[in-house]
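Below: the structure, in C-alpha cells.
If you read the sequence from its start, that first residue is 1, and numbering goes on from there. These figures come from a predicted structure and were not determined experimentally.
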Amino acid sequence: RRMLEIKFKEIVGTGIKEFININRFKEVHKEILASKKSFSWIAQEHGYYDSAHFIKEFRKYTGHSPKFFR
C-alpha cells in the first residue's frame with residue numbers, strides 16, 4: 001500500500017487523499033455555479049459531513065466562501 005502511495009505522489013504530485021479532495025471540490029464548484037441548490041444540500045450530496053467542513057475546504061482551495069461564487 002505504501003509503495004502505491006509513494007508512486008502515486010511521484011506521478012501525480014499530490015497524495016491520494018488530497019487528489020480525491022481536489023476532484024470532489026471541482027465537482028462541488030461546478031454544481032454551485034450551475035444550480036440554485038442550497039450549500040448544505042450540495043455539501044451533503046458530495047459527502048461532506050457538515051457545512052463547516054464544506055466551507056473550510058472550499059476556502060482552502062479558493063480563498064473565498066461558497067457565497068462568493070453565486
Side-chain angles (χ1 to χ4, degrees):
R1 176 180 171 192
R2 184 70 181 131
M3 283 303 296
L4 175 62
E5 291 172 354
I6 291 169
K7 285 293 180 189
F8 187 91
K9 190 166 187 169
E10 283 177 10
I11 294 168
V12 178
T14 187
I16 295 170
K17 184 176 179 181
E18 186 69 14
F19 180 79
I20 291 168
N21 286 340
I22 290 168
N23 284 314
R24 177 170 62 165
F25 167 75
K26 287 179 181 180
E27 291 302 314
V28 165
H29 190 253
K30 280 188 227 176
E31 190 160 350
I32 285 173
L33 296 174
S35 78
K36 297 294 179 194
K37 293 178 184 175
S38 73
F39 296 132
S40 14
W41 181 261
I42 293 171
Q44 187 177 18
E45 274 186 332
H46 290 277
Y48 292 94
Y49 42 84
D50 62 19
S51 299
H53 177 237
F54 167 68
I55 292 169
K56 182 179 177 184
E57 193 160 294
F58 203 92
R59 280 196 174 129
K60 174 182 172 184
Y61 294 118
T62 66
H64 300 285
S65 72
K67 285 184 181 182
F68 181 81
F69 292 92
R70 281 243 168 114

Shortest non-hydrogen separation from S65 to R59 and the atoms involved: CB-NH2, 3.5 Å
Contact summary for E31 and K37, nearest pair of heavy atoms: OE2-NZ, 3.1 Å
Centroid-centroid under 6.0 Å between F69 and F58 rings: yes
Rounded distance [0.5 Å steps], CZ in F54 versus NE2 in H46: 8.5 Å
Inter-residue atom distance R1.CZ - E5.CD, 0.5 Å rounding: 5.0 Å
Derivation and outcome, side-chain contact (heavy atoms from CB on, under 4.5 Å), residues F39 and I55: CA-CA 9 Å; F39 296 132; I55 292 169; over 6 Å; no
Gap separating the CD atom of E45 from the OG atom of S40, nearest 0.5 angstrom: 11.0 Å
Over 12 non-hydrogen atoms of neighbours within 6.0 angstrom of CD in E57: yes
Same apolar cluster (I L V M F W Y, side chains within < 4.5 Å links), W41/Y49: no
Test item: I42 and Y48 side chains (from C-beta on) under 4.5 Å apart, heavy atoms: no
Side-chain donor-acceptor distances from residues 6-21 under 3.5 Å, at least two apart:
{"unit_1": "E18", "atom_1": "OE1", "unit_2": "K60", "atom_2": "NZ", "d": "3.3"}
{"unit_1": "E18", "atom_1": "OE2", "unit_2": "Y61", "atom_2": "OH", "d": "2.7"}
{"unit_1": "N21", "atom_1": "OD1", "unit_2": "R24", "atom_2": "NH2", "d": "3.4"}

